[in-house]
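Right, one structure below, let's go through it.
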Amino acid sequence: MRIATWNVNSITARLPRLLAWLESSGTDVLCVQETKCAEAAFPFEPLRELGYEAAVNATGRWNGVAVLSRVGLDDVVSGLPGGPDYDGGQEPRAIAATCGAVRVWSVYVPNGREIGHPHYDYKLRWLDALREAVGEDAKGPRPFAVLGDFNVAPTDDDVWDRTRFDGLTHVTDKEREALAALRGAGLSDVVPRPLKYDHPFTYWDYRELCFPKNRGMRIDLVYGNEPFAGAVGDAYVDREERKGKGASDHAPVVVDLNV
DNA sequence: ATGCCAGGCTGCGCCTGA
């Protein structure tokens, strides 16, 4: 089974590339982030024509997540149980589904904006709620993984130049401790191989030629339990999808599972 | 060539992203 995660930066703007990529990559299950559209505007029909069902948690212009599957889509949980509010409400940043033999969460972790900003505390509380929510599945016998845009670079090697991130989010001890707590709950970081260069970056800013210069970050992660991690045959970042006109600023992370 | 930011709404500029 081929499982992937991809922050598409608007599913409506990305639709032609998304459909082409699903076909060319042969992906069975795709966790999508930043749909940036209301559920009513979600492109269910073209996806259905390709053979994919979709479970969607999206409310409009910001955020929005989905799970696309052509191998079954059951027991959907929309929203992060116990997740914190922001600006007086829940944001659409998590959705879970069982796809065949595997259960997945598609997550879009809050950005955090700046250290000390209310959004940064929200990010840490959100990650804590995620750890609470996955506890049972993480320790269970069924292959299970949280896939998505975590907005945290797990190590200094996961950013192109650590000195450029002094005082910024995504690399702080507290954010990394939140990831460590997730690992402590029974999940491990399924690190993909890069198709080029020596770091498996998944995000490159649109500005300042970041992609051609490979000034990237690894912030799109796959955290799998032991049955999941043990079934991984291959994992890679499809940087080809970051090329050209109309690309997302994130590349898909692809995992081949022997299930 | 991988090429100097992109998306969507509050819209014809502004906020967000990381």
Side-chain angles (χ1 to χ4, degrees), chain A residues 5-18 20-21 32-43 58-66 86-87 89 91-93 107-124 126-127 148-176 178-179 194-221 236-253:
Chain A
T5 181
W6 188 13
N7 179 324
V8 295
N9 186 19
S10 171
I11 198 166
T12 51
R14 212 63 57 216
L15 190 61
R17 286 185 74 131
L18 171 64
W21 186 81
V32 180
Q33 301 85 37
E34 282 211 84
T35 58
K36 286 186 167 177
C37 74
E39 186 168 351
F42 193 87
T59 54
R61 155 171 214 199
W62 302 116
N63 315 308
V65 289
Y86 192 74
D87 266 350
E91 295 180 316
R93 294 181 175 275
V107 300
Y108 178 48
V109 177
N111 171 290
R113 299 185 188 163
E114 294 170 25
I115 298 167
H117 191 286
H119 211 261
Y120 180 76
D121 295 323
Y122 170 53
K123 180 181 195 173
L124 297 174
W126 202 95
L127 283 166
D149 180 353
F150 282 68
N151 272 319
V152 181
T155 74
D156 286 350
D157 279 341
D158 294 314
V159 295
W160 63 278
D161 181 355
R162 175 61 184 82
T163 66
R164 304 287 192 105
F165 289 82
D166 285 342
L168 300 181
T169 60
H170 293 60
V171 299
T172 66
D173 288 344
K174 283 184 177 175
E175 290 166 287
R176 288 175 174 170
L179 291 188
L195 294 184
K196 191 179 179 184
Y197 307 123
D198 52 354
H199 295 285
F201 296 145
T202 65
Y203 163 86
W204 301 260
D205 197 297
Y206 285 122
R207 292 165 286 191
E208 299 175 328
L209 293 171
C210 282
F211 184 60
K213 293 175 178 171
N214 200 32
R215 295 181 169 183
M217 306 170 73
R218 184 172 77 94
I219 53 176
D220 299 273
L221 309 177
Y236 62 94
V237 182
D238 188 359
R239 71 188 303 284
E240 296 300 308
E241 186 52 43
R242 180 62 181 76
K243 296 179 179 180
K245 190 174 171 61
S248 170
D249 42 3
H250 297 251
V253 178

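A, B, ... follow the sequence lines: proteins, then strands. Residue 1 opens every chain. Just so you know, these numbers come straight off a predicted model, no measurement behind them.
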Just call it for [X]: base, sugar-phosphate, or nothing, with non-hydrogen atoms closer than 4.0 Å on any strand.
X       : value
T169(A) : nothing
F165(A) : nothing
R14(A)  : sugar-phosphate
W204(A) : nothing
R113(A) : sugar-phosphate
N63(A)  : nothing
Y197(A) : base
E34(A)  : sugar-phosphate
T12(A)  : sugar-phosphate
G244(A) : sugar-phosphate
D205(A) : nothing

Pairwise [atom1] distance, [M] and [N] [rounded to whole Å]:
N       : M       : atom1 : answer
dG7(B)  : dC12(B) : C1'   : 15 Å
dG11(B) : dT16(B) : P     : 15 Å
dG13(B) : dA18(B) : C1'   : 22 Å

Assess whether one donor atom and one acceptor atom, taken from the side chain of N9(A) and the base of dA6(B), lie less than 3.5 Å apart.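 Side chain to base: no pair below 3.5 Å.
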
Just how far, in rounded Å, is [atom2] of [N] from [atom1] of [X]?
X       : N       : atom1 : atom2 : result
Y120(A) : dG17(B) : OH    : P     : 16 Å
L15(A)  : dG7(B)  : CG    : P     : 13 Å
R17(A)  : dT2(B)  : CZ    : C1'   : 11 Å
D220(A) : dG17(B) : CG    : P     : 15 Å
N7(A)   : dA6(B)  : CG    : P     : 15 Å
D249(A) : dT16(B) : CG    : C1'   : 11 Å
F211(A) : dA18(B) : CZ    : C1'   : 17 Å
L18(A)  : dG7(B)  : CG    : C1'   : 16 Å

Can you tell which of N151(A), T202(A), N7(A) makes a side chain to side chain donor-acceptor pair (under 3.5 Å) with D220(A)? T202(A)

In Å, rounded to the nearest 0.5 Å, how long is the span from [atom1] of [X] to [atom2] of [Y]?
X       : Y       : atom1 : atom2 : value
N9(A)   : Y206(A) : CG    : OH    : 4.0 Å
T155(A) : R176(A) : OG1   : CZ    : 6.0 Å
F150(A) : W126(A) : CZ    : CH2   : 8.0 Å
H199(A) : W160(A) : NE2   : CH2   : 12.0 Å

Given [options], which nucleotide is nearest the side-chain atoms of [X]?
X       : options                  : answer
W62(A)  : dC15(B), dT2(B), dA18(B) : dC15(B)
M217(A) : dA18(B), dT16(B), dG3(B) : dA18(B)
R239(A) : dA18(B), dG17(B), dT2(B) : dT2(B)
K36(A)  : dC5(B), dG7(B), dT2(B)   : dG7(B)
A13(A)  : dA18(B), dG7(B), dG3(B)  : dG7(B)

Using OP1 and OP2 only, check whether a side-chain N or O of H250(A) sits under 4.0 Å from dA18(B). yes

Give a yes or no on whether the backbone of P118(A) and the side-chain of D121(A) come within a donor-acceptor separation of less than 3.5 Å.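 Checking the backbone N and O of P118(A) against the side chain of D121(A), no donor-acceptor pair under 3.5 Å is found.
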
